[in-house]
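Note: hydrogens, waters and symmetry copies are ignored here, and every other heavy atom, side chains too, is used.
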Amino acid sequence: MKAQAKKMAIPAIVAALMASLAPVPAKSTVLPGTAIEVQKREGLTSTLTFNLEGEQVFLPLAEATAYLNSLNDHKRKLLSESIEARAERGKGPLFSRSSKMISLANENISQCVRVKDAIRIVLTHENLMAHFPDLSEREFFKAELVKFGRAVALSEYIARDILSAIEQSVAPKKTYQPDNMPSADAVKAMIAAEHKNLGLSAPEFV
């Protein structure tokens, strides 16, 4: 069963998880998600996919976990390639549309936080006992949900890595220098005056 939904509130995610269905980004015609970063390097087009602004699908827990892990691997690989390409250039932003990528990464993080909150609710002892009185069924469901939770946590971690990489690719702002900072000539004059007061010979400046 595959059902589509827009951004979900935590209660809706909880209900889906209790039915052993988990939300993941909907598949586009290229890859899950729609965030595309085009790099004209050796004629290749790189696609970084972590866009959760569009629709999502509910998949059975095991399938959702495998799907999300595959997506995580793809994001990590493409992020590494983008960092390497930036290092070769030696300058410039990591992505051509950094503001868009930041927005997408933040949305990814926000969705992951909601899903993790839902998972914590589902995994409470009282909830598991009420919905899965059979011990073997309860332990199986718990194990599958924990696996999915790890994939969600990794997705959030990668999104935060993306934000960190973008921040590190930005050139630092000009070092602050107070308006009243003395000039080089003024400093030399002060040193010469101090030498004179101490009875020393005049300093020689290079």
Side-chain angles (χ1 to χ4, degrees), residues 1-37 47-81 100-167:
M1 175 183 177
K2 296 182 180 180
Q4 291 187 340
K6 293 289 186 179
K7 294 181 184 178
M8 294 166 292
I10 291 176
I13 300 175
V14 170
L17 293 175
M18 291 309 306
S20 296
L21 296 172
V24 294
K27 180 178 291 187
S28 71
T29 56
V30 182
L31 285 167
T34 57
I36 299 177
E37 177 64 21
T47 306
L48 188 57
T49 58
F50 58 95
N51 185 4
L52 297 186
E53 291 186 334
E55 294 182 343
Q56 297 175 45
V57 291
F58 291 111
L59 300 178
L61 276 173
E63 186 178 342
T65 300
Y67 177 92
L68 194 53
N69 279 330
S70 176
L71 181 58
N72 287 338
D73 290 342
H74 185 70
K75 289 191 297 184
R76 176 68 75 192
K77 178 177 181 292
L78 291 174
L79 175 59
S80 297
E81 291 176 351
K100 181 63 175 178
M101 302 303 279
I102 290 172
S103 175
L104 295 175
N106 281 325
E107 175 59 27
N108 191 169
I109 292 169
S110 177
Q111 174 66 4
C112 287
V113 169
R114 286 195 295 271
V115 174
K116 289 194 305 179
D117 286 344
I119 290 173
R120 278 190 282 267
I121 293 173
V122 173
L123 286 178
T124 59
H125 178 71
E126 296 79 6
N127 188 68
L128 289 175
M129 289 292 291
H131 289 84
F132 300 95
D134 181 82
L135 177 61
S136 60
E137 290 183 1
R138 183 167 64 248
E139 291 302 316
F140 177 79
F141 172 79
K142 182 178 178 180
E144 291 297 303
L145 185 54
V146 168
K147 290 177 183 177
F148 177 69
R150 289 172 180 164
V152 172
L154 180 57
S155 179
E156 178 187 357
Y157 183 81
I158 295 173
R160 294 188 185 280
D161 267 2
I162 291 169
L163 292 177
S164 177
I166 291 174
E167 181 179 355

Determine whether V146 and L123 make a side-chain contact, defined as any pair of heavy atoms from C-beta on separated by less than 4.5 Å. yes
Distance, nearest 0.5 Å, that separates CD1 of I119 from CD1 of I13: 9.0 Å
Spacing of L128 atom CG and E139 atom CD [to the nearest 0.5 Å]: 8.5 Å
Sorted by chain and residue number, the side-chain hydrogen bond (donor to acceptor under 3.5 Å, both in side chains) partners of R138 (sequence neighbours excluded) come out as none
Taking all non-hydrogen atoms of both residues, which atom of Y67 and which atom of P25 are closest, and how far apart? OH-O, 2.8 Å
Side-chain contact, heavy-atom cut-off 4.5 Å: M18 with N127? yes
Do other residues, nucleotides or ligands put more than 12 heavy atoms under 6.0 Å from the CZ atom of R150? no
Applying salt bridge (charged side-chain N to carboxylate O under 4.0 Å, His left out), run through K147 and E144 and close with a yes or a no. CA-CA 5 Å; K147 290 177 183 177; E144 291 297 303; 3.7 Å; yes
Any side-chain heavy-atom pair from K77 and D73 closer than 4.5 angstrom? no
Side chain to side chain, F148 and L59, heavy atoms closer than 4.5 Å: no
As an exercise, state the distance from CG of L68 to CD of E63, rounded to the nearest 0.5 Å. 12.0 Å
Taking side chain as C-beta onward, heavy atoms only, is L71 less than 4.5 Å from S155? no
Close side-chain approach of L79 to K75, heavy-atom, < 4.5 Å: no
Pair R76 + D161, salt bridge at N-O below 4.0 Å: yes
Side-chain contact, heavy-atom cut-off 4.5 Å: I109 with L163? yes
Locate the shortest heavy-atom distance separating P60 from L21; write the atom from each residue and the value. N-CD2, 3.8 Å
Which heavy atom of A151 sits nearest to which heavy atom of N72, and what is that distance? O-ND2, 3.0 Å
Check for a donor-acceptor pair, side chain of T65 on one end and backbone N or O of L61 on the other, with a separation under 3.5 Å. yes
Heavy-atom side-chain contact between R120 and D117 under 4.5 Å: yes
Verdict with supporting geometry, R114 and E107, salt bridge (charged side-chain N to carboxylate O under 4.0 Å, His left out): CA-CA 11 Å; R114 286 195 295 271; E107 175 59 27; 3.8 Å; yes
Decide yes or no on side chain to side chain contact (heavy atoms under 4.5 Å, CB included) for I158 and L154, but give the supporting numbers first. CA-CA 6 Å; I158 295 173; L154 180 57; 4.0 Å; yes
side-chain hydrogen bond (donor to acceptor under 3.5 Å, both in side chains) partners of E156, counting only residues at least two apart: K116, R160
Counting only N and O atoms by type, is there a donor-acceptor contact under 3.5 Å from the side chain of N108 to the main-chain atoms of L104? no
